[in-house]
Asker: 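Starting off with a structure, shown below.
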Amino acid sequence: MLRTIVSFFSNFTATLLALFVFFFVLPIALLVAIGVNSTQNIDKAPATSDFSTLVINLSEQIEESGKAQNAFVDYVNGETILTPRSICARINKASGDSSNKAIFICGSFEGLVSTLSYAQISELRNALESYVKSGKSIVAYLENPSMRDYYLVSCATKIYLNPFGSLDFKGIGGNSVFFGNALKKYGIDATVVKVGKLKSFGEMFTSDKMSKAVRENYTQLLDSIWGTIVEKIAKSRKVPVDKLKSIASEKAMLTSRESLEFKLVDKLAYKDEVIAEMQKLVGKQKFTFAQASIIDYPEDVVINPPSKIALIYMNGDIVETATKPDSIDSTTYCKLIRSIRNSKEYSGAVVRINSGGGSAYASELIRRELELLAKKMPVVISIGGTTASGGYWIATAGKEIVADAESITGSIGVFALMFSAQKFAGDFGITFDSVKTAPMADIGTLSRSPSSLEIERIQKHIDDVYEKFVELVAKSRKLPLEKVLTFADGRIFSGATAKELKLVDSIGGLEYAIERVKKLGAMKNSAIDELPKRDAFVELVEKIAPAVGGEFAKSKFIKSIIETAEKTKELKSGAYARVPFDFQIK
């Protein structure tokens, strides 16, 4: 009954939105896409080959992966897809380029459809730090920077802040939404069967708040990541760690004068004053300073490489069959990994995972294919923002696992979730009746709560899957089973903590993982082949049309609730290894 009602309103709303998009939004959006370049906070000069200053605009959409395969859409967009890796590659190249003098950073991550995680920002920051060490300058112009913005630019040689701007320095936090009271109010029962007392997914459907143990785990996670962030900022700005923590606790939102007073910025200046300063540093270029966008700076291309490294991006929920573009479906990825294994082109592989998990069965199918691939060539796992639960299950196939200190991983545990709408339907005079050949033939039905025998059988299945998960971790990480069991209770860890527990081998980003594969395979001058290839035309349509699955017109306030509802509909009977849908660090 509930599913029918939700489905009706979802389809009705989608139809209205689709009509609106087709007749009004789509024509305008296409015209804008063709005629307008992406916005930039500093006046942009005409296209040029003058790379004296490379401009990184944080307001440009930066996506985790990969290479588009549709040149027409690239032309319409006026640009190719920016990824953290492509930006880092260009920064690294510029550090040794005599034609380049400086990097200029402007804009803000806030307001983008997808915001980079602190782990991804850390990888960009590491590249910028190396650039500064090469003896060149990084200048940042901030207006109303967020915590993420400031974390990135804090390594700059000079930071300008608009005199009327403010600076967020409030620490980091994460919120979760709970539906327990709402479900009870409407007579919907949720039954959670799990292994791992901190496997907290089910809490969102059975409770109105975090359990004490889960809260403690999340607090430890945030403290670890925040400690890493503050230490890096303290080192760059030469401000004591304790002082920075005090600012976050007592001030949170700093005025421009306070930002200058606390030495978080170097100077207060308007945009025109910053442009004038840049003209003195790098020279004039018509109405602005000598510059080119980072995306116009060509990446190095390996001609006739002796070997190729497959860079496999895995982003989203782990599912058995593709239901949307942002998912890791075992059908597609198993086929892709087999094709790499059977090809003579590749000598190594890096698997970049950004996933909170999903289907345990799909995770195992993908892991098995990677295990077979690892018998033929070195395979290194790169943990992105989050590689937890089913994501970590897949990661156990790698010869080495690399993570940023700010990454999120762990969550070793399994659960199953069942809903019953019997009371909800009964309040409307709706009853259910059934005919079956065995007592548990309709196990998992919405029409009734599961019986004690059904719960017992499901628990046995969950226990079995959990046992296999723990054994995989122990074997791949060369740890005693007893040791793994001490932390395999659903807890999530930062990359730094995971390193201490030996869940990861080393701290580093995607480029470091690539270097590890090269070393393990004794490869030089290898070309990187980013997989799977993306269809940019399909992605463009999805971004424009919400009914197709894009994010257009979704309010940030309700986005987490909408996403939770959408993902909950995907849960079927079976074992799942994943973290809560909505817990995101902000």
Side-chain angles (χ1 to χ4, degrees), residues 50-58 62 82-106 116 118-142 145 148-160 227-241 244 263-267 274 277-278 280-283 289-295 297-300 382 402-407 495-496 499 506-516 518-519 524-525 528:
D50 186 344
F51 300 122
S52 299
T53 305
L54 295 179
V55 176
I56 300 176
N57 181 11
L58 306 185
I62 303 173
L82 272 176
T83 67
R85 180 179 175 271
S86 67
I87 295 174
C88 289
R90 289 174 168 91
I91 293 172
N92 293 334
K93 178 184 175 182
S95 64
D97 184 353
S98 59
S99 69
N100 171 258
K101 298 179 181 178
I103 285 176
F104 187 90
I105 304 175
C106 60
L116 296 184
Y118 279 102
Q120 292 166 317
I121 293 172
S122 175
E123 294 185 11
L124 293 174
R125 195 179 187 280
N126 290 341
L128 292 173
E129 283 188 312
S130 296
Y131 180 89
V132 171
K133 289 179 182 177
S134 72
K136 298 186 179 183
S137 299
I138 297 178
V139 178
Y141 170 62
L142 305 174
R148 293 174 193 271
D149 300 333
Y150 186 74
Y151 178 44
L152 178 68
V153 307
S154 58
C155 64
T157 50
K158 191 156 192 177
I159 303 176
Y160 292 94
T228 299
I229 291 171
V230 171
E231 285 176 6
K232 290 182 179 180
I233 294 174
K235 182 179 179 180
S236 295
R237 298 301 304 172
K238 295 180 174 56
V239 178
V241 168
L244 292 175
K263 299 181 180 179
L264 298 184
V265 301
D266 298 295
K267 188 175 181 180
V274 176
E277 289 292 323
M278 288 301 297
K280 293 178 184 177
L281 179 66
V282 298
F289 57 88
Q291 61 169 273
S293 171
I294 187 79
I295 203 166
Y297 190 58
E299 291 186 71
D300 284 330
S382 172
V402 176
D404 290 294
E406 301 90 335
S407 296
K499 173 68 165 55
S506 50
I507 298 300
L510 180 54
E511 287 303 317
Y512 178 73
I514 292 172
E515 291 304 314
R516 288 301 303 154
K518 288 181 179 179
K519 185 172 183 179
K524 295 182 179 180
N525 299 320
I528 308 299

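Below, each value reflects all heavy atoms present in this structure, side chains not excepted, and no hydrogens, waters or symmetry copies.
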Asker: Can you give me the closest heavy-atom contact between L281 and K101, atom names plus distance?
Answerer: O-CD, 4.4 Å

Asker: Measuring from atom CD1 of I294 to atom CG of L82, what distance do you get when rounded to the nearest 0.5 angstrom?
Answerer: 8.5 Å

Asker: Check the pair Y151, E406 against side-chain contact (heavy atoms from CB on, under 4.5 Å), reporting the backbone distance first and the verdict last.
Answerer: CA-CA 12 Å; Y151 178 44; E406 301 90 335; 2.4 Å; yes

Asker: If you take all heavy atoms of I507 and G495, which pair is closest and at what distance?
Answerer: CD1-O, 3.6 Å

Asker: Would the distance check show the side chain of S382 and the main-chain N or O of V402 forming a donor-acceptor pair, the cut-off being under 3.5 Å?
Answerer: no

Asker: Within the side chain of D50, is there an N or O that forms a donor-acceptor pair under 3.5 Å with the backbone of S52?
Answerer: yes

Asker: Under a 4.0 Å N-O cut-off, is there an ion pair linking K499 with D404?
Answerer: no

Asker: Drop me the distance from D97's CG to N92's CG, to the nearest 0.5 angstrom.
Answerer: 12.5 Å

Asker: Report yes or no: do R125 and S236 form a side-chain donor-acceptor pair below 3.5 Å?
Answerer: yes

Asker: Is a side-chain N or O of K136 found less than 3.5 angstrom from the main chain of N100, in a donor-acceptor match?
Answerer: yes

Asker: Can you check side-chain contact (heavy atoms from CB on, under 4.5 Å) on T53 and V139, steps first, answer last?
Answerer: CA-CA 10 Å; T53 305; V139 178; over 6 Å; no

Asker: Any idea which heavy atoms bring A234 and V241 closest together, and the distance?
Answerer: CB-CG2, 3.7 Å

Asker: Between SG of C155 and NZ of K133, what distance do you get to the nearest 0.5 Å?
Answerer: 10.5 Å

Asker: Begin with the C-alpha distance, continue with both residues' side-chain angles, and end with the deciding distance and a verdict on side-chain contact (heavy atoms from CB on, under 4.5 Å) for S293 and N57.
Answerer: CA-CA 8 Å; S293 171; N57 181 11; over 6 Å; no

Asker: To the nearest 0.5 Å, what is the distance between CD on Q120 and SG on C88?
Answerer: 10.5 Å

Asker: Measure across I295 and R90 and return the closest heavy-atom pair with its distance rounded to 0.1 Å.
Answerer: O-NH2, 3.7 Å

Asker: Let me confirm one number: the CG-CZ distance from L244 to R237, rounded to the nearest 0.5 Å.
Answerer: 10.0 Å

Asker: Pairing donors with acceptors under 3.5 angstrom, does anything connect the side chains of Y512 and N126?
Answerer: no

Asker: Side-chain contact test, heavy atoms from C-beta onward, threshold under 4.5 Å: evaluate it for R148 versus L116 and give yes or no.
Answerer: no

Asker: Between K524 and K518, is there a side-chain heavy-atom distance shorter than 4.5 Å?
Answerer: no

Asker: Please list, chain by chain and in numerical order, all residues satisfying salt bridge (Lys or Arg N to Asp or Glu O under 4.0 Å) with K93, sequence neighbours excluded.
Answerer: D300

Asker: Looking at side-chain heavy atoms only, is the closest gap between K158 and S137 below 4.5 Å?
Answerer: no

Asker: For I56 and I91: C-alpha separation, side-chain torsions, deciding distance, then whether side-chain contact (heavy atoms from CB on, under 4.5 Å) applies.
Answerer: CA-CA 10 Å; I56 300 176; I91 293 172; 4.0 Å; yes

Asker: Output the distance between atom NZ (K232) and atom OG (S122), rounded to the nearest 0.5 Å.
Answerer: 3.0 Å

Asker: If we only count heavy atoms from C-beta on, is the F104 to V282 side-chain gap below 4.5 Å?
Answerer: no

Asker: Would you say the side chain of L58 lies within less than 4.5 Å of the side chain of I105, judging by non-hydrogen atoms?
Answerer: yes

Asker: So V153 and L128, do their side chains get closer than 4.5 Å, heavy atoms only?
Answerer: no

Asker: Quick check: do Y131 and L54 have side-chain heavy atoms less than 4.5 Å from each other?
Answerer: no

Asker: Considering all heavy atoms of both residues, which atom of S154 and which atom of I159 are nearest to each other, and what is their separation?
Answerer: CA-CD1, 4.0 Å

Asker: Closest heavy-atom contact between V55 and C106?
Answerer: CG1-SG, 4.2 Å

Asker: If you measure only the distance, is there a donor-acceptor pair under 3.5 Å linking the side chains of Y141 and E277?
Answerer: no

